Amino acid sequence: MSFIVAIDGPAGTGKGTVTSNLAKRLNLVYLDTGAMYRAVTLKFIRESIELDNLEDLSPEQKERVTNLLKNIKLDMKDKKIYLDGEDVSEEIRRDPVNSYVSQVSHIEEVRKSMVDLQRKISEGKNVILEGRDIGTNVFPNANVKIYLDASVDERVKRRLKQNAEKGIKSSEEEVRKNIVFRDNNDKNASIAPLRQAEDAIYVDTSDLSINEVQNKLYKIVKNAKRDSKWIEKGYIMTKETTWKKFERWFVKGVLASTYHICLRVEKKGMDNLPKDEGFIICANHLNYLDAAGIVLLNKRKVRFVGKDNLYRFPILSWLGHMFDIIPIKRGKNDMASIKMCLKALKNNEIIGIFPEGTRKGLEKQEKIKNGAVFLAAKANAKIVPVGIKGNFKLFSKVRFNYGKPIDINSYKNNDDPDWLDKASDAIMDEIVRLTEE
Ligand code: DC
């Protein structure tokens with residue numbers, strides 16, 4: 001398992017300093033992908049590739065570029081980059097590389113070759129990569145994505161200071177022109193343009209010192225690293241052994257009795273539940289105790305789909321394992337979770353899902369999630385709607401009203417791109433009706 005941190009953003013946002021520092025503090029492999037594109041640019045310059053008309057490469061040029069890329073040798077060690085064995089760390093930060101790197105980095109063949117190399121270097125490791133397209137293209141499933149930004153004025157100031165420290169002579173006008181030019185080129189590129197990934201954390205560094213940025217990012221990455229360890233552990237589904245079955249039977253018995261003592265439970269429509277097949281229970285979500293009610297007060301095992309961070313807390317993780325709760329990453333297209341649900345349905349198991357996505361989602365006017373309908377359609381499984389009514393105060397009454405199984409085929413309409421959403425809304429309406437019935 002690797003742990004990937006993607007740091008993207010335009011030039012001069014402090015990415016380099018911050019990323020290499022975080023790598024050291026958090027013991028991560030550091031990969032400066034910009035330096036890789038710079039080294040390729042230097043190689044092209046040395047090999048006299050015509051760099052002024054890169055938009056339109058002739059077939060011969062393409063072949064030369066492809067051959068050069070096949071034979072290029074890039075090594076990254078201790079913040080230094082070696083091109084065919086030669087340390088070029090300083091040369092790649094100067095002109096003419098500065099002037100051509102942006103165009104070179106957008107040649108399709110260059111891009112593909114560097115992205116492949118970045119993925120290969122990162123395989124099975126804990127890596128922090130800085131660049132432009134790491135979170136959007138190289139590692140769209142990175143564990144952490146951060147987009148660093150800063151105003152142009154501030155970035156010019158920083159680059160000038162950096163150059164002076166390195167003894168590189170540059171005028172303000174020259175640096176500004178280069179930054180604005182590269183911003184435009186990177187943002188408007190036809191392949192993998194610079195943009196913030198939807199799930200990236202945006203950090204504006206204009207008014208922050210480098211230390212402040214570092215500390216902010218350190219906290220974000222450290223927490224994510226800790227979470228990933230827990231989630232990794234929690235994700236490993238424990239086997240269904242005789243001991244596990246006994247443990248579940250015992251714990252379920254104790255908790256169900258406690259539930260009955262603390263709440264006056266009324267169940268309706270239990271005959272509606274299909275007997276031997278797999279199906280999906282969809283209910284309204286008022287309180288964590290409603291999921292517990294469905295799990296504890298059903299003879300068969302009901303596997304709820306729950307937030308993956310539940311596996312971070314020891315007791316919840318233990319319960320999660322015992323009741324085989326299926327973890328899901330919120331707000332992401334979690335393929336692993338979808339696969340687990342489909343497998344469970346195929347094994348004739350019962351899945352529990354709250355289409356509101358969160359507690360009191362209807363009240364909060366959240367969009368109804370269409371995951372349950374999607375799974376039902378994919379697995380050809382029925383959905384049993386359940387209306388729950390109660391305030392879950394001690395000794396108060398709580399009612400579970402199980403409705404008739406819904407065959408999702410009656411809603412299926414492949415000509416309507418919104419049919420999943422419409423069917424999900426209809427099922428939610430039925431759940432609400434059952435709470436009143
Ligand atoms: O980060 P830098 O300034 O050293 O990057 C040099 C150039 O490489 C920059 O103009 C954009 C390009 N680049 C890219 O297209 N994709 C990356 N992942 C990293 C850099």
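The shown structure was predicted, so the numbers you read here are calculated from the model rather than taken from an experiment. The basis for the numbers below is simple: all heavy atoms, side chains too, and nothing from hydrogens, waters or symmetry mates. Note that the numbering runs from 1 along the sequence shown for the chain.
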- In sequence, state the C-alpha distance, the side-chain angles, and the governing distance for Ser89 and Asp87, and then conclude on side-chain hydrogen bond (donor to acceptor under 3.5 Å, both in side chains). CA-CA 6 Å; Ser89 319; Asp87 179 2; 2.5 Å; yes

- Task: Decide side-chain hydrogen bond (donor to acceptor under 3.5 Å, both in side chains) for Thr205 and Arg158; before the verdict, give the C-alpha distance in whole Å, the side-chain angles of both, and the deciding distance to 0.1 Å.
- Result: CA-CA 11 Å; Thr205 69; Arg158 289 180 192 168; 3.0 Å; yes

- Using the side-chain contact (heavy atoms from CB on, under 4.5 Å) rule, take Val40 and Leu69 through it: C-alpha gap first, then chi angles, then the decisive distance, then the call. CA-CA 8 Å; Val40 171; Leu69 288 168; 4.0 Å; yes

- Evaluate the ring-ring contact (aromatic ring centres under 6.0 Å, His included) criterion for residues Phe354 and Phe304: first the C-alpha distance (whole Å), next the side-chain angles of each, then the deciding distance (0.1 Å), finally the verdict. CA-CA 9 Å; Phe354 292 117; Phe304 258 89; 5.0 Å; yes

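Note that CG of Asp425 is 9.5 Å distant from CE of Met428, once rounded to the nearest 0.5 Å. The CG atom of Asp290 sits 7.0 Å away from the CG atom of Asn284 when rounded to the nearest 0.5 Å. Between atom CG of residue Leu31 and atom CD1 of residue Ile4 there is a gap of 9.5 Å, rounded to the nearest 0.5 Å. Annotation: the span from Ile107 atom CD1 to Tyr37 atom OH amounts to 11.0 Å, rounded to 0.5 Å.
Put simply, the side chain of Arg38 never gets that close to the backbone of Asn98: no donor and acceptor are under 3.5 Å apart. Although no hydrogens or angles enter the test, the distance criterion places a donor-acceptor pair under 3.5 Å between the side chain of Asp204 and the main chain of Ser206.
Between Lys244 and Asp324 there is a salt bridge, since a side-chain N of the basic residue sits under 4.0 Å from a carboxylate O of the acidic one. Between Arg111 and Asp133 there is a salt bridge, with a side-chain nitrogen of the basic residue lying less than 4.0 Å from a carboxylate oxygen of the acidic one. In this structure, Lys187 does not pair ionically with Asp149, as no charged nitrogen and carboxylate oxygen lie closer than 4.0 Å. Salt bridge annotation for Asp153-Arg155: absent, with no cationic side-chain nitrogen under 4.0 angstrom from a carboxylate oxygen. Asp199 and Lys145 are joined by a salt bridge, as a carboxylate oxygen and a charged side-chain nitrogen come within less than 4.0 angstrom of each other. Taking the charged nitrogens against the carboxylate oxygens, Arg176 and Glu173 have no contact shorter than 4.0 Å, which rules out a salt bridge. With respect to the salt-bridge test (charged N to carboxylate O, under 4.0 angstrom), the residues Lys367 and Glu356 do not qualify. Salt bridge annotation for Glu349-Lys301: present, with a cationic side-chain nitrogen under 4.0 angstrom from a carboxylate oxygen. With respect to Glu91 and Arg46, a salt bridge is recorded, a charged nitrogen being found less than 4.0 Å from a carboxylate O. A salt bridge between Asp416 and Lys422 is present, with a side-chain N of the basic residue lying under 4.0 Å from a carboxylate O of the acidic one. The pair Lys112-Glu108 does not meet the salt-bridge criterion, since no charged nitrogen lies less than 4.0 angstrom from a carboxylate oxygen. We find that Arg132 and Asp186 are joined by a salt bridge, their nearest charged nitrogen and carboxylate oxygen being less than 4.0 Å apart.
The shortest non-hydrogen separation linking Ala23 to Tyr30 is CB-CB, 3.6 Å. Contact between Ser122 and Ser2 at its shortest, heavy atoms only, is O-CB, 4.1 Å. The minimum heavy-atom distance between Thr66 and Lys62, with the atom names listed, is OG1-O, 2.6 Å.
At least one side-chain heavy atom of Val213 sits less than 4.5 Å from a side-chain heavy atom of Leu148. A heavy-atom distance below 4.5 Å is found between the side chains of Leu51 and Ile45. Residues Ile408 and Ile383 meet the side-chain proximity criterion, which asks for heavy atoms closer than 4.5 Å.
Outside the 6.0 Å centre-distance limit, the rings of Phe44 and Tyr100 are not counted as a close aromatic pair.
Relative to the ring axis of Phe323, Arg303 does not place its NZ or CZ within 45° and under 6.0 Å from the centre.
With 3.5 Å as the limit, one finds a donor-acceptor pair spanning the side chains of Arg359 and Tyr288.
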